[in-house]
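Inspection log for the structure reproduced underneath, given as structure tokens.
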Amino acid sequence: MPGESDRTVLPPSGWVVKHGGMIPPGGEVLDVACGSGRHGRFFRSLGHPVVMLDRDISQVADMASDDDVEIVAQDLEGGRPWPLAGRQFAGVIVVNYLHRPMLPALVASVQPGGALIYDTFAVGNEAYGWPSNPDYLLHREELLIAVRPELVVMAFEDVEETEPRPAVRQRIMAVRPKRSV
Ligand SMILES: C[S@@+](CC[C@H](N)C(=O)[O-])C[C@H]1O[C@@H](n2cnc3c(N)ncnc32)[C@H](O)[C@@H]1O
């Protein structure tokens, strides 16, 4: 029957797979602007409870019957408040999405011992096409500046790459110390 089984979900970002092991086992993972849910699905397959957040949750509707999946439909832009205020997660995942005013809320959403894993397009990508809107392109070192000093940076890159297509991307994996010093 056409429909569910025809849905193609891309594999998770290599950066997320590479650093996903930094998220405490069994800890709750938030997939921000989850789209098809490829990252939440990846962490769910590893046994993590997940929260799937997007303004369009149609692509993750099939996950709704799982007791360890929470689906939150929310437009994150237009000055709306962060919908998960006061909650923290073992992992916060953001891939191919940027809404600058939300960066402080993302950092605050990482629990002690937890990790933020972020991977999206950066300035310079406009030479290659979508996305070219400066609002969707990270400035040089912007993720480093956004997470410090609250989180400790474990890995960072700002790279021009050719595969799977030419793009300029910035990536970070940063953790919140278990105790402040
Ligand atoms: C390029 S997709 C990335 C999806 C997913 N993170 C991934 O890597 O496969 C961008 C996602 O951001 C979501 N999005 C765009 N604007 C949004 C907004 N204002 N509020 C909430 N989600 C939004 C879209 O619905 C879409 O699912």
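Counting convention: from 1, in listed order, for ligands and their atoms alike. Numbers for residues simply follow the sequence, beginning at 1.
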Any salt bridge between Arg171 and Glu161, counting N to O under 4.0 Å? yes

Leu98 side, atom CG; Leu137 side, atom CG - distance, nearest 0.5 Å: 8.0 Å

Heavy atom to atom 20 (N) of ligand 1, shortest distance: which of Ile93, Ile57, Leu76 holds it? Leu76

Quick one: CE on Met63 to OG on Ser36, what's the gap to the nearest 0.5 Å? 9.5 Å

Is the closest N or O pair between Trp130 and ligand 1 shorter than 3.5 Å? no

With side chain to side chain contact (heavy atoms under 4.5 Å, CB included) as the test, would you mind laying out the steps for Arg44 and Asp68 before giving the verdict? CA-CA 8 Å; Arg44 190 71 202 96; Asp68 284 318; 3.2 Å; yes

Do Gln170 side-chain atoms and Leu143 backbone N/O form a donor-acceptor pair below 3.5 Å? yes

With a heavy-atom distance limit of 4.0 Å, tell me whether Ser13 approaches ligand 1 through its side chain, its backbone, both, or neither. neither

Which atoms from ligand 1 have a heavy atom of Gly35 less than 4.0 Å away? 4 (C), 27 (O)

Given Tyr136, Phe121, Tyr97, which has its nearest heavy atom closest to atom 15 (C) of ligand 1? Tyr97

Atom 2 (S) of ligand 1 - nearest protein heavy atom and its distance: Asn96 O, 4.1 Å

Judged by non-hydrogen atoms, does Gln59 sit under 4.0 Å from ligand 1? no

Is the side chain of Tyr118 donor-acceptor paired with the backbone N or O of Tyr97 at a distance under 3.5 Å, no angle test? yes

Asp75-ligand 1 polar pair, N/O distance under 3.5 Å: yes

Output yes when the distance from some N or O of ligand 1 to some N or O of Arg38 is under 3.5 Å, and no in every other case. yes

Between Leu138 and Arg100 the two heavy atoms that sit nearest each other are CA-NH2, 3.7 Å

Heavy-atom distance to atom 22 (N) of ligand 1: which of Met52, His99, Arg55 wins? Arg55

Quick check: Asp56 and ligand 1, any N/O pair under 3.5 Å apart? no

Backbone or side-chain N or O of Asp31 under 3.5 Å from ligand 1 N or O: no

From Arg55 CZ over to Leu76 CG, what is the distance, rounded to the nearest 0.5 angstrom? 9.0 Å

Minimum-distance pair of heavy atoms, taken over all atoms of Ile172 and Trp15: O-NE1, 3.0 Å

Identity and distance of the protein heavy atom lying nearest atom 4 (C) of ligand 1: Ala33 O, 3.2 Å

Within a radius of less than 6.0 Å around CZ of Phe156, do more than 12 heavy atoms belonging to other residues, nucleotides or ligands occur? yes

May I ask you to list the atoms of ligand 1 that are less than 4.0 angstrom from any heavy atom of Glu77? 16 (N), 17 (C), 18 (C), 19 (N)

Can you tell me the protein heavy atom closest to atom 27 (O) of ligand 1 and the distance? Asp54 OD2, 2.6 Å

Pull out every atom of ligand 1 sitting under 4.0 Å from any heavy atom of Gln74, numbered as shown with elements. 20 (N), 21 (C)

